[in-house]
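Worksheet for the structure shown next.
Values reported hereafter were calculated over all heavy atoms of this structure, with side chains retained and with hydrogens, waters and symmetry mates removed. All values derive from a computational prediction rather than experimental measurement.
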Amino acid sequence: MSTDVNPFESLQQQIDTAAAYLDVGDDVIERLKQPERILELTLSIERDDGEIETFRAFRSQFNGDRGPYKGGIRYHPGVNRDEVKALSGWMVYKCAVVDIPYGGAKGGISLNPADYSEAELERLTRSFTEEIRPIIGEDRDIPAPDVNTGQREMNWVKDTYETLENTTEPGVVTGKAIDSGGSEGRVEATGRSTMLTAREAFDYLDLDTEGATVAVQGYGNAGSIAARLVESELDMTVVAVSDSSGAVYNPEGIDATAVKRHKNETGSVTGFEGAEAVSSDELLTLDVDLLIPAALENAIDERLARDLSADVISEAANGPLTPAADEVLADRDVLVVPDILANAGGVTVSYFEWVQNRQRFYWSEERVNEELETLVVDAFDELIDAYERHELPNLRTAAYVVAIRRVADAYEEGGTWP
Ligand code: NAD
């Protein structure tokens, strides 16, 4: 893992690489490399023991040319201004790749949620929502879950916003529980797009999915669901999984659901019976067919990229490869399905949730999954088309070529004002 790569610089480098293949002016590209606005906050809440504690929090609205800003809220000690800027930019291009009518945003609070009670987290979430209330709304900016936030936090965001606005507006936030206006299929949507893009990548390379071996780094929402779906829908064999406490490996296979149950019970995948402990770096370089990075940014640097053996990488996490790792893998002909497509299922089903909230008409899980599959497979085909037609170095560049074209067109069609 590399800690000295700034994710915002990685994003800008990814845009520059793609811009070289596009007929878009440098002035427009420059505009597409910077967030439009960042709100930086100091939140104060009362702890359960009566002490006041302050937290740094952010909301970055990167670009709104194609629709309302859209993006998650992360609770993690590593949250900082540049990370939020990068994540908000990736949202712009992710929404454009799957062609849903959103811009991009991201927010976060710097804390380790494990150190706080549920009541404290609720006060913090409500305080954050109150502060960002003037700039969010179902036609303005629509938050969603990210690392260490989920339905519970999204329900609090909705309730706070609706109470303060004296209205019902469930589409102000997505990733809610079903009874609070959430969508069927939302919880597993990110893992589902990771599985679907892995399937398409194997098909493109003429590789069999049945019996193919898989390693998953990061066994949270995205990683554990991707693991379960590649196992159940593609007949792949998950052989190794990891989380922040360590990794476990069994070349004969690990039951993805059983190891998740073990993690829920014990707090970690380590100690799972019937699998040996390996280091987190070893997991990344195991001899597997598919690698799914599903933890955090910069997990795979140039050195690890030289050592890993997978034929396909499907990026469930945002920004798991450093730009240098990307170059090494392109040279080694490893097919990397970029994050902005591989994990776009989350925001795509968030879009379906928002559509259902606005129509007050709710879809079946079957319909959600079918519509998701159509958008993800169409987007994959468009990337392959751009990759082959322009002889691009990798699918990431193809994804940015497709996405930047769409955002730049929306901007230029709008004309300039004032
Ligand atoms: P999560 O908190 O549910 O899971 C993260 C997992 O990664 C945890 O199991 C944690 O222990 C593990 N982890 C952290 N550091 C690690 C390390 N160094 N090595 C191995 N494992 C490590 O979060 P999530 O929602 O699953 O998000 C994971 C990634 O997927 C993030 O990059 C996030 O931005 C991205 N993502 C998530 C969604 C979504 O809908 N949840 C959507 C799009 C993208």
(message) Would K70 and T174 count as a side chain to side chain donor-acceptor pair (under 3.5 Å) here? Give the steps.
(response) CA-CA 9 Å; K70 182 90 189 84; T174 58; 2.8 Å; yes
(message) Pair Y69, F62 - check ring pair (Phe, Tyr, Trp, His ring centres under 6.0 Å), show working.
(response) CA-CA 8 Å; Y69 305 101; F62 199 97; 9.8 Å; no
(message) Using modelled atom types and a 3.5 Å cut-off, is there a donor and acceptor pairing between side-chain atoms of T149 and backbone atoms of I73?
(response) yes
(request) Enter the distance from T322:OG1 to I300:CD1 here, rounded to the nearest 0.5 Å. (result) 9.0 Å
(request) Flag the pair N357 / E353 as yes when at least one side-chain heavy-atom distance between them is below 4.5 Å, and no otherwise. (result) yes
(message) Measuring only between side-chain heavy atoms, which start at C-beta, is V312 closer than 4.5 Å to V334?
(response) no
(message) For S117, is there any backbone N or O sitting under 3.5 Å from a side-chain donor or acceptor partner on E120?
(response) yes
(request) To the nearest 0.5 Å, tell me how far I109 CD1 sits from E153 CD. (result) 9.5 Å
(request) Determine whether Q151 and D179 make a side-chain contact, defined as any pair of heavy atoms from C-beta on separated by less than 4.5 Å. (result) no
(request) Determine whether N250 and V239 make a side-chain contact, defined as any pair of heavy atoms from C-beta on separated by less than 4.5 Å. (result) no
(request) Check whether any side-chain heavy atom of L41 lies under 4.5 Å from a side-chain heavy atom of I132, and answer yes or no. (result) yes
(request) Compare all side-chain heavy atoms of L329 with those of L308 and state whether any distance is below 4.5 angstrom. (result) yes
(request) Spell out, as yes or no, whether a donor-acceptor pair under 3.5 Å connects the side chain of E391 to the backbone of E388. (result) no
(request) Would you please test V173 and Y161 for side-chain contact (heavy atoms from CB on, under 4.5 Å) and show each step? (result) CA-CA 9 Å; V173 62; Y161 184 86; over 6 Å; no
(message) I'd like to know whether CG of D23 has more than 12 heavy-atom contacts from other residues, nucleotides or ligands below 6.0 angstrom.
(response) no
(message) Any donor-acceptor pair under 3.5 Å linking the side-chain atoms of W90 with those of Q14?
(response) yes
(request) Would you please indicate if the ring centroids of F55 and Y116 are separated by under 6.0 Å? (result) yes
(request) Kindly indicate whether the side chain of V79, heavy atoms from C-beta on, has any atom under 4.5 Å from the side chain of F58. (result) yes
(message) Using the ring-ring contact (aromatic ring centres under 6.0 Å, His included) criterion, which residues pair with H262? Sequence neighbours excluded.
(response) F272
(request) Taking only Lys NZ, Arg NE, NH1 and NH2, and the carboxylate oxygens of Asp or Glu, determine whether E130 and R126 approach each other closer than 4.0 Å. (result) no
(request) Kindly indicate whether the side chain of P77, heavy atoms from C-beta on, has any atom under 4.5 Å from the side chain of L111. (result) no
(request) Quick one: sort the W363 and F352 rings into parallel, tilted or perpendicular, breaks at 30° and 60°. (result) tilted
(message) Using modelled atom types and a 3.5 Å cut-off, is there a donor and acceptor pairing between side-chain atoms of E231 and backbone atoms of A256?
(response) yes
(request) Check whether any side-chain N or O of N155 sits under 3.5 Å from a backbone N or O of S180 as a donor-acceptor pair, and report yes or no. (result) no
(message) Working to the nearest 0.5 angstrom, can you tell me the gap between N369 CG and L196 CG?
(response) 8.5 Å
(request) Step by step, work out the salt bridge (charged side-chain N to carboxylate O under 4.0 Å, His left out) result for E36 and R31. (result) CA-CA 9 Å; E36 289 172 7; R31 185 180 174 278; 3.6 Å; yes
(request) Identify the residue among T197, N318, T348 that makes a side-chain hydrogen bond (donor to acceptor under 3.5 Å, both in side chains) with N343. (result) N318
(message) Is it the case that the side chain of Q356 and the backbone of Y362 share a donor-acceptor pair, with hydrogens and angles ignored and the cut-off at 3.5 Å?
(response) no
(message) So that I can tick it off, tell me whether R303 and D281 are bridged by a salt bridge, with the cut-off set at under 4.0 angstrom between side-chain N and carboxylate O.
(response) yes
(message) Can a side-chain donor-acceptor contact be found between T266 and S268 if the only test is distance below 3.5 angstrom?
(response) no
Output a table of donor-acceptor pairs, distance under 3.5 Å, between side-chain atoms of residues 206-215 and any protein atom two or more places apart or on a different chain; print 'none' if there are none.
{"residue": "T209", "atom": "OG1", "partner": "L234", "partner atom": "O", "Å": "3.4"}
{"residue": "T213", "atom": "OG1", "partner": "D289", "partner atom": "N", "Å": "3.2"}
{"residue": "T213", "atom": "OG1", "partner": "D289", "partner atom": "OD2", "Å": "3.2"}

(request) Give the intermediate values and the outcome of side-chain contact (heavy atoms from CB on, under 4.5 Å) for residues Y219 and V259. (result) CA-CA 9 Å; Y219 218 59; V259 73; 3.3 Å; yes
(message) Between E188 and R228, is the salt bridge (charged side-chain N to carboxylate O under 4.0 Å, His left out) condition met? List the steps.
(response) CA-CA 10 Å; E188 65 170 39; R228 176 167 55 75; 3.3 Å; yes
(message) Under the criterion side-chain contact (heavy atoms from CB on, under 4.5 Å), I'd like the reasoning laid out for C95 against V347: C-alpha separation, chi angles, the key distance, then a yes or no.
(response) CA-CA 7 Å; C95 294; V347 73; 3.9 Å; yes
(request) Look at the aromatic rings of Y400 and Y93 and report parallel, tilted or perpendicular, splitting at 30° and 60°. (result) tilted
(request) Hey, could you give me each pair passing salt bridge (charged side-chain N to carboxylate O under 4.0 Å, His left out) that has a residue in residues 77-99? Not counting sequence neighbours. (result) E40-R81, R66-D99, R74-E83, D82-K85
(message) Within this structure, what is the CD-CG distance for the pair E9 and D16, rounded to the nearest 0.5 Å?
(response) 11.5 Å
(message) If the threshold is 4.0 Å, N to carboxylate O, is there a salt bridge linking D146 and K106?
(response) yes
(request) Considering only NZ, NE, NH1 and NH2 on the basic side and carboxylate oxygens on the acidic side, decide whether R261 and D255 come within less than 4.0 Å. (result) no
(message) For E365, is there an ion pair with R186 - N to carboxylate O distance below 4.0 angstrom?
(response) no
(message) Looking at G78, is its backbone amide N or carbonyl O close enough to the side chain of H76 to form a donor-acceptor pair, meaning the two atoms are under 3.5 Å apart?
(response) yes
(request) Identify whether the distance between the nearest side-chain nitrogen and carboxylate oxygen of R332 and D311 falls below 4.0 Å. (result) no
(message) Using salt bridge (charged side-chain N to carboxylate O under 4.0 Å, His left out), reason through R152 and E118 one step at a time and then give a plain yes or no.
(response) CA-CA 10 Å; R152 182 183 68 172; E118 179 164 344; 3.7 Å; yes
(message) Check this for me: does any side-chain nitrogen of one of E373 and R192 sit under 4.0 Å from a carboxylate oxygen of the other?
(response) no
(request) Using modelled atom types only, decide if a donor and an acceptor are shared between the side chain of S88 and the backbone of V84 within a distance under 3.5 Å. (result) yes
(message) Is it the case that the side chain of N298 and the backbone of L321 share a donor-acceptor pair, with hydrogens and angles ignored and the cut-off at 3.5 Å?
(response) no
(request) State whether R367 and E184 are salt-bridged, where the test is any N-O pair (Lys NZ or Arg NE/NH1/NH2 against Asp/Glu carboxylate O) under 4.0 Å. (result) no
(message) Can you see whether T125 engages Y75 through a side-chain donor-acceptor pair at a distance of less than 3.5 angstrom?
(response) yes
(message) Are more than 12 heavy atoms, taken from residues, nucleotides or ligands other than N264, located less than 6.0 Å from that residue's CG atom?
(response) yes
(message) Which residue is it: V92, I29, V28? I am looking for the one with a side-chain contact (heavy atoms from CB on, under 4.5 Å) to I404.
(response) I29
(message) So does E53 get a backbone contact from the side chain of S44, meaning a donor-acceptor N/O pair under 3.5 Å?
(response) no
(request) State, without any angle test, whether T129 and K158 hold a side-chain donor-acceptor pair at a distance under 3.5 Å. (result) no
(request) Could you give me the CA-CA distance, side-chain angles and deciding distance for F380 and D203, then say whether side-chain contact (heavy atoms from CB on, under 4.5 Å) is met? (result) CA-CA 11 Å; F380 185 91; D203 186 47; over 6 Å; no
(message) Under 4.0 Å between a side-chain nitrogen and a carboxylate oxygen: does that hold for D409 and R405?
(response) yes
